[in-house]
Amino acid sequence: MSNQDAGKDAAAQRILAAIRAIPRGQVAGYGEVARRAGLPGRARLVARLLSQNDDRDLPWHRVLRSDGRIAFPEGSKGFREQSQRLRAEGVRVEAGRVRGQRAAATLDEQMWGDGMLAPPASARPVRKSRAASTGGKRARS
DNA sequence: CTAGTGACGACGA
DNA sequence: ATCGTCGCCACTA
């Protein structure tokens, strides 16, 4: 296995850890999870991982889009599954959208919350550390 | 190398 | 709040 493979795997493990760190009844956005994992700008990587994931243990249902919407198309199998699992935890889901909390923002606060420990962010740029500026103003007018 | 695709994210209209 | 467009990443053809 090459270094790249190892690095990819490490990133994957970190992402999985970040997802498992989401408290029951709480939710987080893909981008938030990626950031928490030290992979800013890799929201899509998180999504790809989940699509590949098969671990029933993983609380994947707590990961939503940044706008609080479930990422699956309404009515799809995954959609129903996720909605059900979320509601089972007491999360209010309506019209494919989670109400009661804003997906994300709370993650870090829940873990390290009010000055509990050092900033996790630690921002382990792992590498690459690109701008990761998701959506940098196009020149459209 | 270019194009297309996807459990994404942000911004402008 | 909704929609369309653009940006970024990782992967596949």
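Atoms considered below: every heavy atom in the structure, side chains included; atoms not considered: hydrogens, waters and symmetry mates. Throughout, a chain's letter reflects where its sequence line sits, starting with A, and its residues are numbered from 1.
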Where the side chain of [X] is defined as all heavy atoms beyond and including C-beta, which of [options] is the nearest nucleotide?
{"X": "A:Arg42", "options": "C:dC9, B:dA10, C:dT2", "value": "C:dC9"}
{"X": "A:Lys8", "options": "C:dC11, B:dA10, B:dC8", "value": "C:dC11"}
{"X": "A:Arg69", "options": "C:dT2, B:dA7, B:dC8", "value": "C:dT2"}
{"X": "A:Leu45", "options": "C:dC9, B:dA10, C:dA10", "value": "C:dA10"}

Exercise. Indicate, yes or no, whether a donor-acceptor pair under 3.5 Å links the base of C:dC9 to the side chain of A:Arg44.
Key: no
Can you tell me the distance, in whole Å, between the [atom1] atom of [X] and the [atom2] atom of [N]?
{"X": "A:Leu39", "N": "B:dC8", "atom1": "CG", "atom2": "C1'", "value": "14 Å"}
{"X": "A:Asp67", "N": "C:dT2", "atom1": "CG", "atom2": "C1'", "value": "11 Å"}
{"X": "A:Glu74", "N": "B:dA7", "atom1": "CD", "atom2": "C1'", "value": "15 Å"}
{"X": "A:Arg65", "N": "B:dA10", "atom1": "CZ", "atom2": "C1'", "value": "13 Å"}

Practice problem: Check A:Arg97, A:Glu32, A:Gln82 against A:Leu64 for a side chain to side chain contact (heavy atoms under 4.5 Å, CB included) and give me the one that passes. | Solution: A:Gln82
Quiz item: Quantified in whole Å, what is the C1' atom distance between nucleotide C:dA13 and nucleotide B:dA7?
Solution: 22 Å
Quiz item: Looking at side-chain heavy atoms only, is the closest gap between A:Arg14 and A:Leu39 below 4.5 Å?
Solution: yes
Can you sort out the partners of [X] under side-chain contact (heavy atoms from CB on, under 4.5 Å), two or more places apart, ordered by chain and number?
{"X": "A:Arg87", "result": "A:Ser83, A:Val93"}
{"X": "A:Ala47", "result": "A:Tyr30"}
{"X": "A:Arg20", "result": "A:Leu16, A:Asp55, A:Leu58, A:Pro59"}

Quick one: closest heavy-atom pair of [X] and [Y], and the distance?
{"X": "A:Gly25", "Y": "A:Val91", "answer": "O-CG2, 3.5 Å"}
{"X": "A:Trp60", "Y": "A:Arg85", "answer": "NE1-NH1, 3.0 Å"}
{"X": "A:Ala88", "Y": "A:Arg24", "answer": "O-NH2, 3.5 Å"}
{"X": "A:Arg36", "Y": "A:Ala18", "answer": "CB-CB, 4.2 Å"}

Quiz item: Where along residues 48-58 of chain A does a heavy atom fall under 4.0 Å from DNA chain B?
Solution: A:Leu50, A:Ser51
Quiz prompt | Members of residues 75-97 of chain A that approach DNA chain B, where some heavy atom sits under 4.0 Å away | solution =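 Under 4.0 Å from DNA chain B: no residue of residues 75-97 of chain A.
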Quiz prompt | A:Glu81 and A:Arg56 ion-paired at < 4.0 Å | solution = yes
Quiz item: Hey, is CD on A:Glu89 packed in by over 12 heavy atoms from elsewhere, all under 6.0 Å?
Solution: yes
Quiz item: In which stems does DNA chain B show up, taking only runs of three or more Watson-Crick or G-U wobble pairs whose two distances fall under 3.5 Å?
Solution: B:2-6 with C:9-13, B:8-13 with C:2-7
